[in-house]
Amino acid sequence: MERLLIYSGTPWEPVAGYSRAVRVGPHVHVSGTTATGADGGIVGPGDAYAQTVQTLRNIRRALEQAGARLEDVVRTRMYVTDISRWEEVARAHGETFADIRPATSMVQVSALIDPAMLVEIEAEAYVAGGRE
């Protein structure tokens, strides 16, 4: 099976040796993704909702590059630096996945790679019917 590697251009990918997403057959795995904008800066500093919205946009972009859609997502994992703000993150996730309803989890972590980052999300998708 062909292995398709998707890169976003963030400076951490070559340093840590990872891809934004990897597709093998119908399976797409999206690495932990944050609210980085096109300029590499953090979108929505201090705003967990805005960061989650941007993070999910970045995940959608990676999925599309891999030939998948948000509707193909079967699992997400949300990492937050302050669990007391879970509702902000959950609201943005819910707006995106209201009808898709993937399996998910949300856990608090002590920190992310940049102190301005409040949320990081991983996603897994299954592309039914072998859609490319």
Side-chain angles (χ1 to χ4, degrees):
M1 252 180 231
E2 182 181 344
R3 180 182 177 105
L4 175 63
L5 305 178
I6 306 299
Y7 301 102
S8 67
T10 63
W12 303 287
E13 290 172 353
V15 172
Y18 75 96
S19 300
R20 169 63 38 225
V22 176
R23 179 174 179 167
V24 178
H27 302 278
V28 180
H29 302 274
V30 181
S31 293
T33 303
T34 59
T36 51
D39 64 355
I42 305 303
V43 173
D47 185 334
Y49 173 82
Q51 285 196 20
T52 304
V53 168
Q54 181 63 40
T55 297
L56 293 168
R57 284 184 188 136
N58 293 345
I59 287 171
R60 182 180 61 231
R61 187 176 314 106
L63 288 166
E64 289 170 352
Q65 290 177 291
R69 305 175 309 211
L70 285 171
E71 291 81 5
D72 299 318
V73 172
V74 295
R75 176 95 165 102
T76 60
R77 291 176 188 87
M78 297 176 275
Y79 304 97
V80 298
T81 58
D82 182 356
I83 200 71
S84 72
R85 299 178 72 180
W86 74 270
E87 290 177 279
E88 297 169 71
V89 176
R91 181 167 52 100
H93 187 276
E95 289 169 1
T96 299
F97 291 110
D99 296 325
I100 301 163
R101 307 286 296 269
T104 195
S105 55
M106 182 187 300
V107 296
Q108 180 172 303
V109 296
S110 61
L112 296 171
I113 199 164
D114 182 319
M117 295 173 177
L118 304 175
V119 62
E120 182 170 320
I121 301 174
E122 298 175 347
E124 297 174 12
Y126 180 82
V127 182
R131 196 176 59 252
E132 293 297 321

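Below, each value reflects all heavy atoms present in this structure, side chains not excepted, and no hydrogens, waters or symmetry copies.
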Student: Of all residues at least two apart in sequence or in a different chain, which pass the side chain to side chain contact (heavy atoms under 4.5 Å, CB included) check with I100?
Tutor: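 Scan of I100 (side chain to side chain contact (heavy atoms under 4.5 Å, CB included), adjacent residues dropped) gives L70, E71, F97, P102.
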Student: Mind listing the closest non-hydrogen atom pair of A48 and V119 along with its distance?
Tutor: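 So the two residues come closest at O-CG1, 4.4 Å.
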Student: Between Y18 and Y7, which heavy-atom pair has the shortest distance, and what is it?
Tutor: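 For Y18 versus Y7, the nearest heavy atoms are O-CE2, 4.2 Å.
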Student: Could you give all pairs that pass the side chain to side chain donor-acceptor pair (under 3.5 Å) test and reach residues 98-113, with sequence neighbours left out?
Tutor: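 Those involving residues 98-113 are T76-T104.
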Student: Kindly compute the distance separating OG1 (T36) from CD (Q54), expressed to the nearest 0.5 Å.
Tutor: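 That separation rounds to 7.0 Å.
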Student: Indicate the atoms forming the closest heavy-atom contact of V73 with A123, along with that distance.
Tutor: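 For V73 and A123, the tightest heavy-atom pair comes out as CG1-CB, 4.5 Å.
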Student: Once side chain to side chain contact (heavy atoms under 4.5 Å, CB included) is applied, do any residues pair with T33, and if so which ones, sequence neighbours excluded?
Tutor: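 Side chain to side chain contact (heavy atoms under 4.5 Å, CB included) check on T33 returns R20, V30, T55, N58, I59.
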Student: Consider only side-chain heavy atoms of I, L, V, M, F, W and Y, link residues closer than 4.5 Å, and tell whether L56 and W86 are in one cluster.
Tutor: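 Yes.
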Student: If you compare all heavy atoms of Y79 against all heavy atoms of V109, which two are closest, and at what distance to 0.1 Å?
Tutor: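 Shortest heavy-atom contact: CD2-CG1, 3.9 Å.
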Student: Please round to the nearest 0.5 Å and tell me the distance separating atom CD of Q65 and atom CD1 of I6.
Tutor: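 Result: 5.5 Å between the selected atoms.
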Student: Which pairs count as salt bridge (charged side-chain N to carboxylate O under 4.0 Å, His left out) when at least one residue sits in residues 76-87, sequence neighbours excluded?
Tutor: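 Counting only pairs at least two positions apart or across chains, the salt bridge (charged side-chain N to carboxylate O under 4.0 Å, His left out) contacts touching residues 76-87 are R77-E122, R77-E124, R85-E88.
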Student: Which pair of heavy atoms, one from V43 and one from Q51, lies closest together, and at what distance?
Tutor: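 For V43 and Q51, the tightest heavy-atom pair comes out as O-CG, 3.1 Å.
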Student: Find the distance between CG (D47) and CD1 (I42) and round it off to the nearest 0.5 Å.
Tutor: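 D47 atom CG to I42 atom CD1 measures 13.0 Å (nearest 0.5 Å).
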Student: May I ask you to list the residues sharing a hydrophobic cluster with L118, side-chain cutoff 4.5 Å, ordered by chain and number?
Tutor: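 ILVMFWY cluster around L118 holds nothing else.
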Student: Kindly write out the residues that satisfy ring-ring contact (aromatic ring centres under 6.0 Å, His included) with Y49, not counting sequence neighbours, or none if the list is empty.
Tutor: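 Counting only residues at least two positions away or on another chain, Y49 forms no ring-ring contact (aromatic ring centres under 6.0 Å, His included).
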Student: Can you sort out the partners of E13 under side chain to side chain donor-acceptor pair (under 3.5 Å), two or more places apart, ordered by chain and number?
Tutor: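 Testing E13 for side chain to side chain donor-acceptor pair (under 3.5 Å), a comparison that skips the adjacent residues, returns S8.
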Student: With no hydrogens and no angle check, is any side-chain donor or acceptor of R91 less than 3.5 Å from a backbone partner on H93?
Tutor: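 Side chain of R91 to backbone of H93, a donor-acceptor pair under 3.5 Å: no, none is there.
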Student: Can you list the residues that meet the ring-ring contact (aromatic ring centres under 6.0 Å, His included) rule with H29, with sequence neighbours excluded?
Tutor: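 For H29 there are no ring-ring contact (aromatic ring centres under 6.0 Å, His included) partners, ignoring immediate neighbours.
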Student: Between A21 and A62, what is the shortest heavy-atom contact and its length?
Tutor: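 Here A21 and A62 meet closest at CB-CB, 4.2 Å.
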Student: Can you run down the salt bridge (charged side-chain N to carboxylate O under 4.0 Å, His left out) pairs that involve residues 34-43, sequence neighbours left out, and say none if there aren't any?
Tutor: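 For residues 34-43, and leaving out neighbouring residues, there are no salt bridge (charged side-chain N to carboxylate O under 4.0 Å, His left out) pairs at all.
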Student: So V28 and D72, side chain to side chain contact (heavy atoms under 4.5 Å, CB included) or not? Walk me through it.
Tutor: CA-CA 9 Å; V28 180; D72 299 318; over 6 Å; no
Student: To the nearest 0.5 angstrom, please state how far the OG1 atom of T81 sits from the CE atom of M117.
Tutor: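 If I round to the nearest 0.5 Å, the distance is 11.0 Å.
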Student: Yes or no on side chain to side chain contact (heavy atoms under 4.5 Å, CB included) for V127 and R23, after CA distance, side-chain angles and deciding distance?
Tutor: CA-CA 10 Å; V127 182; R23 179 174 179 167; 3.7 Å; yes
Student: If I take atom OG1 from residue T10 and atom CD1 from residue I113, how far apart are they, to the nearest 0.5 angstrom?
Tutor: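 One gets 8.5 Å once the value is rounded to the nearest 0.5 Å.
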Student: Can you hop from V22 to L4 via hydrophobic side chains spaced under 4.5 Å?
Tutor: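 Result: no, two separate clusters.
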